[in-house]
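Residue indices begin at 1 and follow the sequence shown.
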Amino acid sequence: MRGLSGRVALVTGAGAGIGAAVAERLADEGVTVAVVDRDLDAARSIASGIIERGGSAISIGADVTNTHDVASAVQVAAAVSGTLHIVVNNAGIVRPAMLADLTEETFGAVIDVHLFGSFRMLQAALPHLPDDGTGRIINSTSAAGLVGTIGQANYGAAKAAIVGLTKSAARELAKRRITVNAVAPLAATAMTETVRMNPKFAAKTLERIPLGRFAEPEEVAGAFAFLASDDAAYITGQVLCVDGGTVM
C-alpha cells in the first residue's frame, strides 16, 4: 500500500479479532500502531507481537464508553510523533436478543460502544489529524446495518447509524482533506461465535454468503489498510463490504 510507512494509527478493539488483525497489517505496512482495547493485557499482547516481528506499536488500555479514556488514548497515540494520521473505530460488543426481549439497557449498551464510541474517538482525534491529505478515519460497520438482522436489532441499529455518521463526517471533513470511510466485514471472530457455533444459525448464514464461508480476520484487514493508504486518497464516504458477497 502506498504512503503508509512512517504514519501513526490508532485502532480500537485491537486486542483480538478484526481489530488485532488490522493493527498487525498496518504495522506490516510500516505504520506505528497504538493498539487500544479495554483489556490492557490483550492490547499489550498484540503490541508485543508486532514489536517482536520488527514493527512499531504501543498498547493503551481504554474504554470507548468513557470520554476521559478516549481523550487520553488519543493524546498518547498522537504524542508518538506529534500527529495522528489514521483512526480505526473497531471496538464493539454484542448483546443478542429478540425484539420482545430487548431491554433499554441492552439496546443502549450496544449503541454506546459502537456508535457513541466511534463518535467520541472521531471527535477527540480531529485536532490531531493533519490537513495534508493523509488523515484517515475508518469505521467498522456490518451487513447488519445495511440489510438488517434477526435477534440483534440493537447491533443492526448501531451499525446503520455508523454508516450515517461516516457519510456525514466525510462531507464535513472533506474541506480538511480527511477521508472517512467504513468497512463492513464478516469474519470468524468472537462476535460471530454465537452464530457460527449454532448449526442452525450457521447453516442459514452460510446460505446467504455466496462464497460459502466466514473470512479469517486477516482476510479483511487488507481493506482497512487500503482505505488508510494513499491508494485510497480519492475515496471518501463509502462503505466497503468485505463479506463474501453477502451484500451486493
Can you see which heavy atom on [X] is nearest to which on [Y], and at what distance?
{"X": "Gly92", "Y": "His114", "result": "CA-CE1, 3.3 Å"}
{"X": "Leu115", "Y": "Ala161", "result": "CD2-CB, 3.6 Å"}
{"X": "Leu4", "Y": "Ala228", "result": "CD2-O, 3.4 Å"}
{"X": "Arg25", "Y": "Ala225", "result": "CG-CB, 3.9 Å"}
{"X": "Ala57", "Y": "Ile51", "result": "O-CD1, 3.5 Å"}

Value rounded to 0.5 Å, distance of [atom1] in [X] from [atom2] in [Y]:
{"X": "Ile111", "Y": "Thr65", "atom1": "CD1", "atom2": "OG1", "result": "13.5 Å"}
{"X": "Glu216", "Y": "Ile18", "atom1": "CD", "atom2": "CD1", "result": "10.5 Å"}
{"X": "Leu165", "Y": "Lys167", "atom1": "CG", "atom2": "NZ", "result": "12.0 Å"}
{"X": "Leu146", "Y": "Thr246", "atom1": "CG", "atom2": "OG1", "result": "10.5 Å"}
{"X": "Asp28", "Y": "Ile50", "atom1": "CG", "atom2": "CD1", "result": "8.0 Å"}

Given Asp63 and Arg120, is the salt bridge (charged side-chain N to carboxylate O under 4.0 Å, His left out) satisfied, shown in steps?
CA-CA 11 Å; Asp63 185 339; Arg120 291 183 187 101; over 6 Å; no
With a 4.5 Å limit on heavy-atom distance, are the side chains of [X] and [Y] in contact?
{"X": "Met248", "Y": "Cys241", "answer": "no"}
{"X": "Gln152", "Y": "Lys159", "answer": "no"}
{"X": "Glu24", "Y": "Val33", "answer": "no"}
{"X": "Phe226", "Y": "Asp231", "answer": "yes"}
{"X": "Met98", "Y": "Ile150", "answer": "yes"}
{"X": "Val64", "Y": "Val113", "answer": "yes"}
{"X": "Leu206", "Y": "Phe214", "answer": "yes"}
{"X": "Val110", "Y": "Ile93", "answer": "yes"}

Take atom [atom1] of [X] as the centre, draw a 6.0 Å sphere, and report whether it contains more than 12 heavy atoms from other residues, nucleotides or ligands.
{"X": "Arg38", "atom1": "CZ", "value": "no"}
{"X": "Arg53", "atom1": "CZ", "value": "yes"}
{"X": "Glu172", "atom1": "CD", "value": "no"}

Regarding Asn139 and Thr166, is there a side-chain donor-to-acceptor distance under 3.5 Å anywhere?
yes
Could you verify whether a donor N or O on one side chain and an acceptor N or O on the other, from Thr236 and Thr179, lie under 3.5 Å apart?
no
Let me see the working for Ile137 and Leu129 under side chain to side chain contact (heavy atoms under 4.5 Å, CB included), right down to the final yes or no.
CA-CA 9 Å; Ile137 297 168; Leu129 291 168; 3.8 Å; yes
Shared hydrophobic cluster for [X] and [Y] (ILVMFWY, side-chain gaps under 4.5 Å):
{"X": "Leu84", "Y": "Val88", "result": "no"}
{"X": "Leu122", "Y": "Ile162", "result": "no"}
{"X": "Ile60", "Y": "Ile46", "result": "no"}
{"X": "Val242", "Y": "Leu227", "result": "yes"}
{"X": "Leu10", "Y": "Leu26", "result": "no"}

Check this for me: does any side-chain nitrogen of one of Arg44 and Asp41 sit under 4.0 Å from a carboxylate oxygen of the other?
yes
The side chain to side chain contact (heavy atoms under 4.5 Å, CB included) partner of Thr141 among Asn89, Leu240, Val183, Val239 is Val239
Show the numbers, then the answer: is there a salt bridge (charged side-chain N to carboxylate O under 4.0 Å, His left out) between Asp230 and Arg136?
CA-CA 10 Å; Asp230 285 352; Arg136 304 280 186 269; 3.7 Å; yes
Okay, side chain of [X], backbone of [Y]: is any donor-acceptor separation there less than 3.5 Å?
{"X": "Thr149", "Y": "Gly156", "value": "no"}
{"X": "Asn154", "Y": "Arg95", "value": "yes"}
{"X": "Ser168", "Y": "Gly164", "value": "yes"}
{"X": "Asn181", "Y": "Gly237", "value": "yes"}

Using the salt bridge (charged side-chain N to carboxylate O under 4.0 Å, His left out) rule, take Arg177 and Asp131 through it: C-alpha gap first, then chi angles, then the decisive distance, then the call.
CA-CA 6 Å; Arg177 299 175 63 194; Asp131 296 340; over 6 Å; no
